[in-house]
Structures are given as structure tokens and as C-alpha cells.
A.B. asks: 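Pasting a structure below so you can have a look.
Letters A, B, ... mirror the listed sequences (proteins, then strands); counts begin at 1.
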Amino acid sequence: MSKTPQAIRGTQDIFGPDAEAFAFVVETFERVRKLYRFRRVEMPVFEKTEVFSRAIGETTDVVSKEMYSFEDRGGDSLTLRPEFTAGIARAYLSNGWQQHAPLKIATHGPLFRYERPQKGRYRQFHQIDAEIIGAAEPQADVELLAMADQLLKELGIEGVTLHLNTLGDGDSREAWRAALVEHFRAVKDELSADSQERLEKNPLRILDSKDRRDQRFVADAPKIDQFLSDDARAFFDAVTSGLDAAGVKWTRATSLVRGLDYYRHTAFEFIPDEVSEAAGKLGSQSTILGGGRYDGLMESLGGSPTPAVGWAAGIERLAMLVGEKGEPECDLIVVVEDDERISEAIGVLKDIRAAGFTGEMVSGGSRKKRYDKAVKRSPKVILSLQPEGGHSVSHDNSDESVLKAIRQY
RNA sequence: GCGAUCGUAGCUCAGUUGGUUAGAGCGCCGGUUUGUGGUACCGGAGGUCGGGGGUUCGAGACCCCUCGAUCGCCCCA
């Protein structure tokens, strides 16, 4: 066992019911995304390191300690994408996609983050992703969230609520941040060690600290609402009323912040309700879909100011919530009980598949056990090719069309 | 990065206070039975007990290191 290669820590080989659930998530996403007219894009899995460090922020955990960065043979520093947004922004700028603005796009695929693996958290993980770039209006946020909400419903995921907040525009956010730093610095010695560190690096994060010592001071911390400019407040109001009109249930989460530097205005996460079935399945990973508005991102990459909103959701986490997905059933199995008739079986299968039915052959191993193998796979129809030209057809009475397709038997 | 639990056949697990050739069910392979049949029975393959080192007359069981998974923290999807 030890002689064979092992999978890299934090990677997974997905098979069987898990793979079916994974595929179900992706297929549902593809279907829903078309309903909202999001266009499909394919992105490189790696970028120049600076794409991520400039977009996401040097001081974030993602950039400072979780990226898979390496030097290629030409001496360039490259990084396996830890998220989609930065790469999409880069593509938007380098391809002149401004001409398509407002651009609604969707993609999915693997991401890489050097983290401690846990249930629902992997080093190579997968996300579905949706972005609206070049749209400054709150309607874009509403559209994006309406799609997310419908997607979760179509996946059959229950007990999940949209937690919504606004971080205000750039000035609001800075003023709020300064006030928070002042507030917490006054009681610095009484904060948890983690939060004392956050005070310098990312004071907003103190707000959702789980440590009781911090929570005492979070309650009376300055609220973003006090710092919101009139425009920012109007923007947020438009988002919430739009969500109401779209029938998307949401709840205000004043301490919800996002970890990456580029967020402005709307920030949101879909989180399982406490004590819900979903919360139990996810372990300590709570957010299944998160995102927000990132109006400042394009500028950090050297582009002109470009408003944008987006979200991403972990496919593995969604797959854990969609329940068992069985393998698709088989229409026809041809049992070759006489090896002389293999060619005949191949011909039958070619025809049945050309007609759009699923089918496979059982021809190996003990002849007397071939039929049993076919039965165990429970297809709709079993065609048994027996010695001396004989044959039998058995079926579960559910589908005449398969029988018609092999009516020569 | 920090703390904790766990790691025995392909899968799910059992292995008494450390004691002879490490077991079961399922799955897989072969055979008998049945013969329009998902039955029953017989047999077989498959494990250096995650890996390495140590304690001991003797370790799957104890100790150390390491790898991995899981749980909590951090962070995030």
C-alpha cells in the first residue's frame, strides 16, 4: 500500500455518488446561469502572481500564506488561482471586454489554496462563479443574488439564508474602519490574541470573531450605517428593495465583512441556519456561497474604474447538501452467454446508443454468472444472447421504447 | 500555523489486561445448485495491521517521529 503513490494532501478523487452530486451541482448551475443569460467563460488556472497579490491584497491570508506560487522555467513568478475574480478582472482588461459591458459571465473549475484540509475545505477545491462587470446599478446586485437564490432552490438546498451587509463606498468604508480601530484599540489588552493581531491587519474581522472576550466589545462597536454616505445608503436600499421584489429572502448582518480587500458596498453570504440539517452536514464550514461588489478591483490592476459584482460558491460544499444522487439508470444490458455472439451484441449496442438509449454489455467472467451481473445493475431491459441462436428479453415493464428499439428480438 | 481524535483486506469494521500461521460481512474470481433466473452452497485471490524507529523473550495493540483523514481555532467557498 505504501509503495503506490498517494494523492496530494488536500486533494480528492471523487467517484460514485459524490461525483454524481458534484456533476448535479455543475449541471444545475449551467442551466440556471443560462436562464439569467450569463455567458460562459473559460479561464487559465494560473496567472502571474501579481494578478492576485495586487487584486486581493498583500496582507490578506490568501495572498500572504495560502497561494501556490512558483517560478516557471522562464523565471516568472506564477500562481495557481486561489479564486476566480482576480483572473476574470485581468482577462476583462487584457481582452478589452469593456466593449461588452455590462458583461454577465459565469465559469467553474478548480482553485488552489494552501490551507489545513478539513471536511468541506480542500487544497484543490472547486467553485462555480458568476460576475457582472461594468454595471454600477444596484439592479446588477439584485440580478446576481436572484440567480444565486434560484440556484440553491433548484439544487434542493433548504435552510440556507442570505446574510446581507453593505460596506459602503470607499470613503464610507475607510471612515468606518478608522472608527473601528479607534474603538478596539482602547480595549486592546482585553481582546483575544487573534483580534489584537487583526486590529492592525484587518480590523473589520474582529466583528465576527467567535471569541467571547471580543464579542463584549463588538456589540457597541461603531456600525457602518453611521458612516454611510447618502449615495451608499441609497444604493443599499435599492438592493434590498430589489431583493424583496425578486422574492429573495434576506437578513441584515451588520457584522458581516469579507476577507478580501477589494469589496465595496454589497457584501453577502448564504449561510445555513443554525441547527439546520445543512449546518450539520457542513461541519465547521458555514459559508456555501459568498461575494459582493468590488468596484475598486479594476483600478488596483491598473485599469480604469469599473464597477462589478460577483459571487462564488464551493461545489464540494453544495454537493454535500444536495443529497444522494444515484447513478443514471441503464436502459439495456446485453448479456453474451455464448462468446460466438459478441459481434452481434456489439451491433445491437451500436444501434441502441445511436437511438439515444444507454446500454452496456456483460461478456466477461463465468458464463453462468453473467446474467446475474446484469440483473444486479438493474437495467430497464436485459437482452440475453444464448448459445445456438436462442435469446431472451426481460424487462421491468417501465419502458416500451427500449423494447421497440430491439424489436428484432 | 495552533490544539484534539483516529488510521487493521477493494469497502464497512472485529481483534479481550501485548502472547502461537491476523478475522467477519459485503465486493471480486472460480465451481456446484437453480434455469427466465437478482437464490443457496463450496472454494479462491487479496493485508509487511498508514510509514519509520524504539521498549519487550514477544506488539496490530505501549512510546517517539512522520504521513494522511476527521473535529475545533485561524481563514475562507
Side-chain angles (χ1 to χ4, degrees), chain A residues 1-12 15-17 25 56 59-67 81-85 108-130 148 160 192-195 197-198 201-202 205-206 208-211 214 256-260 263 267-272 280 282-292 310-321 333 335 337 362 364-379 381-384 386-387 390-396:
Chain A
M1 190 188 270
S2 63
K3 286 173 190 154
T4 59
Q6 301 298 298
I8 304 297
R9 178 162 153 93
T11 66
Q12 0 160 42
F15 175 74
V25 170
I56 301 171
T59 63
T60 59
D61 280 18
V62 169
V63 170
S64 63
K65 51 193 191 197
E66 295 176 1
M67 294 205 300
R81 46 143 88 138
E83 59 137 39
F84 278 114
T85 306
H108 67 84
L111 294 309
F112 306 85
R113 250 122 92 160
Y114 190 85
E115 293 185 279
R116 185 79 174 260
Q118 261 179 48
K119 185 202 273 186
R121 184 216 274 185
Y122 307 94
R123 289 185 171 181
Q124 177 178 337
F125 59 105
H126 302 79
Q127 288 184 345
I128 51 180
D129 181 276
V160 171
S192 67
D194 280 332
S195 285
E197 202 168 313
R198 283 190 275 234
K201 282 173 53 187
N202 199 347
R205 288 239 79 107
I206 299 175
D208 55 14
S209 169
K210 288 168 191 157
D211 197 301
D214 301 332
L256 186 152
V257 297
R258 309 238 69 233
L260 312 181
Y263 286 109
F268 53 84
E269 297 179 357
F270 282 82
I271 302 175
L282 284 169
S284 63
Q285 318 305 325
S286 55
T287 303
I288 58 171
L289 184 154
W311 56 249
I315 298 177
E316 288 88 349
R317 292 185 188 177
L318 292 171
M320 285 190 282
L321 301 180
I333 289 184
V335 181
E337 300 206 64
V362 174
S366 168
R367 275 169 209 182
K368 299 195 172 178
K369 291 193 172 162
R370 290 177 189 178
Y371 195 91
D372 289 348
K373 282 188 195 169
V375 170
K376 282 187 182 171
R377 292 182 205 179
S378 51
V381 177
I382 297 175
L383 167 62
S384 175
Q386 296 163 340
H391 68 263
S392 73
V393 176
S394 70
H395 58 92
D396 62 5

A.B. asks: For the P atoms, the ones on B:U70 and on B:U56, what distance do you get once it is rounded to whole angstrom?
C.D. replies: 38 Å
A.B. asks: Taking only N/O atoms, report every protein-nucleotides 1-5 of chain B pair under 3.5 Å with atom names and distance.
C.D. replies:
residue	atom	partner	partner atom	Å
B:C2	N4	A:R116	NH1	2.6
B:G3	O6	A:R116	NH2	3.4

A.B. asks: Which residues pass the salt bridge (Lys or Arg N to Asp or Glu O under 4.0 Å) test with A:K373, sequence neighbours left out?
C.D. replies: none
A.B. asks: Using the C1' atom as the reference point in each nucleotide, state the distance between B:C28 and B:G47 in Å, no decimals.
C.D. replies: 16 Å
A.B. asks: Could you state the atom-to-atom distance from NZ of A:K65 to C1' of B:C75 in whole Å?
C.D. replies: 8 Å
A.B. asks: According to side-chain contact (heavy atoms from CB on, under 4.5 Å), who are the partners of A:A267, at least two apart in sequence or on a separate chain?
C.D. replies: A:L167, A:L256, A:R258
A.B. asks: Going by the rule side-chain contact (heavy atoms from CB on, under 4.5 Å), which residues pair with A:P110 if we only count those two or more places apart in sequence or in a different chain?
C.D. replies: A:R81, A:F112, A:Q124, A:H126
A.B. asks: Can you measure A:Y263 atom OH to B:C75 atom P for me and round it to whole angstrom units?
C.D. replies: 16 Å
A.B. asks: Say you pick atom C1' in B:G15 and the same atom in B:G54; how far apart are they, in whole Å?
C.D. replies: 24 Å
A.B. asks: A:E66 near the nucleic acid: base, sugar-phosphate alone, or nothing, with a heavy-atom cut-off under 4.0 Å?
C.D. replies: sugar-phosphate
A.B. asks: Give a yes/no on whether any side-chain N or O of A:R9 is located under 4.0 angstrom from OP1 or OP2 of B:G68.
C.D. replies: yes
A.B. asks: Please report the distance separating the P of B:C63 from the corresponding atom of B:U16, rounded so that it comes out in whole Å.
C.D. replies: 15 Å
A.B. asks: For atom P, what is the distance between B:C41 and B:U33, given to the nearest Å?
C.D. replies: 16 Å
A.B. asks: Can you name the residues that form a salt bridge (Lys or Arg N to Asp or Glu O under 4.0 Å) with A:R377, not counting sequence neighbours?
C.D. replies: A:E360
A.B. asks: Checking all strands, does A:R198 fall into the base, sugar-phosphate, or nothing category for heavy-atom contacts under 4.0 angstrom?
C.D. replies: sugar-phosphate
A.B. asks: Round to a whole Å and report the spacing from NE2 of A:H108 to P of B:A77.
C.D. replies: 19 Å
A.B. asks: Evaluate the side-chain proximity of A:V335 to A:I382: yes if any heavy-atom separation is below 4.5 Å, no if none is.
C.D. replies: yes
A.B. asks: Measuring only the P atom in each nucleotide, how far is B:G25 from B:G43? A whole number of Å is fine.
C.D. replies: 11 Å
A.B. asks: Rounded to whole angstroms, how far apart are NE2 on A:H126 and P on B:A77?
C.D. replies: 16 Å
A.B. asks: Taking only the P atom of each, what is the distance from B:G3 to B:A59 in whole angstrom?
C.D. replies: 32 Å
A.B. asks: Taking all atoms of both residues into account, what is the closest heavy-atom pair of A:Y263 and A:G292, and its distance?
C.D. replies: CE2-N, 3.3 Å
A.B. asks: Output yes when at least one side-chain N/O atom of A:K210 is less than 4.0 Å from OP1 or OP2 of B:C73, else no.
C.D. replies: yes
A.B. asks: Nearest whole Å is fine: how far is B:A77 P from A:L321 CG?
C.D. replies: 16 Å
A.B. asks: Closest nucleotide of RNA chain B for A:Y122 versus for A:P117: which of these residues is on the 5' side?
C.D. replies: A:P117
A.B. asks: Rounding to an integer number of Å, can you tell me how far A:D208 CG sits from B:C74 C1'?
C.D. replies: 12 Å
A.B. asks: Identify, with sequence neighbours excluded, every residue that meets side-chain contact (heavy atoms from CB on, under 4.5 Å) alongside A:A7.
C.D. replies: A:T11, A:D13
A.B. asks: A:I128 versus A:L318: any side-chain heavy-atom pair under 4.5 Å?
C.D. replies: yes
A.B. asks: Measure the shortest side-chain to side-chain distance between A:D194 and A:D211 over non-hydrogen atoms and say whether it is less than 4.5 angstrom.
C.D. replies: no
A.B. asks: Do A:E83 and A:V62 come within less than 4.5 Å of each other through their side chains, counting heavy atoms only?
C.D. replies: no
A.B. asks: Could you check which of B:C75, B:G27, B:G68 has an atom nearest any side-chain atom of A:K376?
C.D. replies: B:G27
A.B. asks: Could you run down the sub-3.5 Å N/O contacts of the protein with nucleotides 33-37 of chain B?
C.D. replies:
residue	atom	partner	partner atom	Å
B:G37	N7	A:Y371	OH	2.8
B:G37	O6	A:Y371	OH	2.7
B:G37	O6	A:S392	OG	3.1

A.B. asks: According to salt bridge (Lys or Arg N to Asp or Glu O under 4.0 Å), who are the partners of A:R123, at least two apart in sequence or on a separate chain?
C.D. replies: none
A.B. asks: Across the strands shown, which category fits A:F15 at heavy-atom distances under 4.0 angstrom: base, sugar-phosphate, nothing?
C.D. replies: nothing
A.B. asks: With sequence neighbours left out, what residues match A:D214 under side chain to side chain donor-acceptor pair (under 3.5 Å)?
C.D. replies: A:S192, A:S195, A:S209
A.B. asks: Using a heavy-atom cut-off of 4.0 Å across all strands, would you classify A:G10 as base, sugar-phosphate, or nothing?
C.D. replies: sugar-phosphate
A.B. asks: Using whole Å, what does the distance between atom P of nucleotide B:A69 and atom CD of A:Q12 come to?
C.D. replies: 10 Å
A.B. asks: Taking only residues two or more places apart in sequence, or in another chain, which ones meet A:F125 in a side-chain contact (heavy atoms from CB on, under 4.5 Å)?
C.D. replies: A:L111, A:R113, A:Y122, A:Q127, A:E316
A.B. asks: Are A:K119 and B:C71 close enough that a side-chain N or O sits under 4.0 Å from OP1 or OP2?
C.D. replies: yes
A.B. asks: Let me know the distance between CD1 of A:I128 and C1' of B:A77, rounded to the nearest Å.
C.D. replies: 10 Å
A.B. asks: Quick one: salt bridge (Lys or Arg N to Asp or Glu O under 4.0 Å) partners of A:D61, sequence neighbours excluded?
C.D. replies: A:K65, A:K201
A.B. asks: Using atom P in both nucleotides, what's the gap between B:G44 and B:G50 to the nearest angstrom?
C.D. replies: 26 Å
A.B. asks: Using Watson-Crick and G-U wobble pairs whose two distances are both under 3.5 Å, how do you write the pairing of RNA chain B as dot-bracket, with | for links to another strand?
C.D. replies: (((((((..((((.....[...)))).(((((.......))))).....(((((..]....))))))))))))....
